[in-house]
There are 2 protein chains.
Amino acid sequence: MRWEELDQQPCSLARTLAVVGDRWTLLVLRDCFLGIRRFDEFEKRLGITRHVLADRLKKLVDHGVLIRVPYQQRPLREEYRLTERGLDLHGVILALVSWGDRHMADERGAPVRHVHKGCGQVMRPLISCSECGEQVSARDIRVEPGEGWGDRVEEVLPQVR
Amino acid sequence: MRWEELDQQPCSLARTLAVVGDRWTLLVLRDCFLGIRRFDEFEKRLGITRHVLADRLKKLVDHGVLIRVPYQQRPLREEYRLTERGLDLHGVILALVSWGDRHMADERGAPVRHVHKGCGQVMRPLISCSECGEQVSARDIRVEPGEGWGDRVEEVLPQVR
DNA sequence: GCAGTGAGTTCCTTAAAAGAACCCATAACA
DNA sequence: TGTTATGGGTTCTTTTAAGGAACTCACTGC
């Protein structure tokens, strides 16, 4: 399988990875959520090569995750902002950060805190069931084929422990 | 920045990406959550080269995400199972799948459904605040430096919109 | 008229992934 | 007794991607 075929797969994970499944892309998005918008700021903060940065920003724009917005004319300068679609990736970033906080933090603790504006508290993200509201983890969930699965009989979902 | 330095950064996202920030790794993990455990099964399902698969499995074992468990002696054969640390990555997979379901699904809908064993319903994962229980999205959260931030004054968190 | 800025491109070198072939212990088959 | 199959890799060569540095271009401001 090549990466170009990835978004054709009947798998939402593969399709998402076709958009953001690249380390630089996710680091760029992290900075977007921190309010970074301009080419040279990304470059300075990430230590990414301009070449790769230009490529990743372009792909994110093509996928509707970022949008270019002019912030001055003569000479035209544009910055990159998260679209609604991009903002919706916050859950992905949060999940990654949260795992890192739990399993990769050094003795000094988590590097950044997330403050919930609503209640003013430092929060951890919890994942819960949209139907009953209860908190869920891996063992609470069973996976089964949905409508978009298609009729590839041969690719049977194995038993989930 | 090289990938070897990534887990040294004072950023939980970067540190998590040092472990799982690779498309193949995440696809391998997806299959782990579907119950796949053996080398040749991963190979068949993913269409990954054996070379890369061996490398990714080894890295996941080194990072304590997977563990090798013998399932027969003579000849010794081992399978790969998620550790607790690995199971805890479920939130990451769920977040990625969920975004794909919302933004990358074709007209037929989501390829797989997640059933919450607790209530028996097909669920979507919701993210909520650990302190007040309210549902949160990108705009409800403010980021600020935490204990593990260190004293790099120059790297100021920019204003978040 | 010269240096600086923002946002890239181009060119060349190094690293990683794809693809195919090979290896090794054992078992099962004929 | 040799022949093929299985599981889980490793080796080798080619293609693709990333790193690093220099160049471009349309301005601005000094």
Side-chain angles (χ1 to χ4, degrees), chain A residues 1-9 14 17-29 31-32 35-62 66-81 158, chain B residues 1-9 14 17-29 31-32 35-62 66-81 158:
Chain A
M1 192 203 336
R2 320 300 305 267
W3 292 120
E4 299 76 58
E5 308 164 35
L6 201 56
D7 57 352
Q8 314 298 356
Q9 289 219 174
L17 292 183
V19 179
V20 302
D22 167 281
R23 292 187 260 209
W24 281 127
T25 302
L26 283 162
L27 289 171
V28 166
L29 283 169
D31 275 9
C32 290
I36 303 300
R37 295 177 174 177
R38 300 191 185 170
F39 193 91
D40 63 326
E41 285 187 281
F42 287 112
E43 192 200 346
K44 280 193 208 87
R45 290 173 52 90
L46 295 173
I48 189 177
T49 60
R50 308 156 80 59
H51 193 284
V52 174
L53 177 58
D55 178 73
R56 296 304 187 276
L57 288 171
K58 183 171 182 315
K59 280 184 182 151
L60 287 171
V61 170
D62 289 349
L66 298 181
I67 188 169
R68 293 163 67 111
V69 179
Y71 66 89
Q72 70 170 41
Q73 311 290 337
R74 283 197 330 281
L76 178 65
R77 294 272 178 267
E78 292 173 303
E79 59 183 21
Y80 296 87
R81 295 200 199 172
Chain B
M1 192 204 333
R2 320 301 304 266
W3 291 119
E4 298 77 59
E5 308 163 36
L6 201 56
D7 56 352
Q8 313 298 355
Q9 289 218 180
L17 293 183
V19 181
V20 301
D22 167 280
R23 291 186 263 207
W24 282 126
T25 301
L26 284 162
L27 289 172
V28 167
L29 283 170
D31 275 9
C32 289
I36 304 300
R37 295 175 173 178
R38 301 193 185 167
F39 194 91
D40 64 325
E41 283 186 284
F42 287 113
E43 192 201 347
K44 281 194 208 86
R45 290 173 53 91
L46 295 172
I48 189 175
T49 61
R50 308 155 81 58
H51 193 286
V52 175
L53 177 58
D55 178 74
R56 294 306 185 276
L57 288 171
K58 184 173 183 313
K59 279 183 183 151
L60 287 171
V61 170
D62 290 349
L66 298 181
I67 188 170
R68 292 162 69 111
V69 179
Y71 66 88
Q72 70 170 43
Q73 312 291 336
R74 282 202 328 283
L76 178 64
R77 294 276 177 265
E78 293 173 303
E79 59 183 21
Y80 296 88
R81 294 201 200 172

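By convention in this document, chain letters (A, B, ...) are assigned in the order of the sequence lines, proteins followed by strands, and residues within each chain are numbered from 1.
The nucleotide whose nearest atom lies closest to any side-chain atom of R50(A) is, among dT11(D), dA22(D), dA17(C), dA22(D). Side chain of W24(B), nearest nucleotide from dA18(D), dA17(C), dA7(C): dA17(C). Distance from the side chain of A54(B) is smallest for dG9(D) among the nucleotides dG9(D), dA17(C), dG8(C). Nearest to the side chain of D40(B), among dG7(D), dA26(D), dG8(C), sits dG7(D). The side chain of P75(B) has dA27(C) as its nearest neighbour among dA27(C), dA17(C), dG19(D). Nearest nucleotide to the T49(B) side chain, out of dA18(C), dG9(D), dA17(C): dA18(C).
Taking 4.0 angstrom as the limit, Y80(B) places none of its side-chain polar atoms (N or O) nearer than this to OP1 or OP2 of dG7(D). Of the side-chain N and O atoms in R68(A), none sit less than 4.0 angstrom from OP1 or OP2 of dG6(C). At least one side-chain nitrogen or oxygen of Y71(A) sits closer than 4.0 Å to the OP1 or OP2 atom of dA7(C).
Atom CD in E78(A) sits about 16 Å away from atom P in dA26(D), given to the nearest Å. Whole-Å rounding puts the F42(A) CZ to dG6(C) P distance at 15 Å. E43(A) places its CD atom 13 Å from the C1' atom of dG19(D), with the value rounded to the nearest Å. The NE2-P distance, from H51(A) to dG8(C), rounds to 13 Å in whole Å. At whole-Å resolution of the value, CG in D22(B) and C1' in dA17(C) are 10 Å apart. Atom pair R37(A):CZ and dG6(C):P shows a separation of 16 Å (rounding to whole Å applied). As a whole-Å value, the separation of R77(B) CZ from dA5(D) C1' is 11 Å. Atom pair E41(B):CD and dG8(D):C1' shows a separation of 13 Å (rounding to whole Å applied).
Checked against Y71(A) for a side chain to side chain contact (heavy atoms under 4.5 Å, CB included), the options R37(A), R38(A), R81(A) give a single hit: R38(A).
Atom CG of L53(A) sits in a crowded spot, with more than 12 heavy atoms from other residues, nucleotides or ligands closer than 6.0 Å.
Considering all non-hydrogen atoms of both residues, V19(B) and L60(B) come closest at O-CD2, 4.3 Å.
Side chain of R23(B) to main chain of G21(A): a donor-acceptor pair is present (N/O by atom type, distance under 3.5 Å, no hydrogens or angles). Although no hydrogens or angles enter the test, the distance criterion places no donor-acceptor pair under 3.5 Å between the side chain of E41(A) and the main chain of K44(A).
Annotation: of the two residues near DNA chain D, K59(A) and Q73(A), the 5′-most nearest-nucleotide partner is K59(A).
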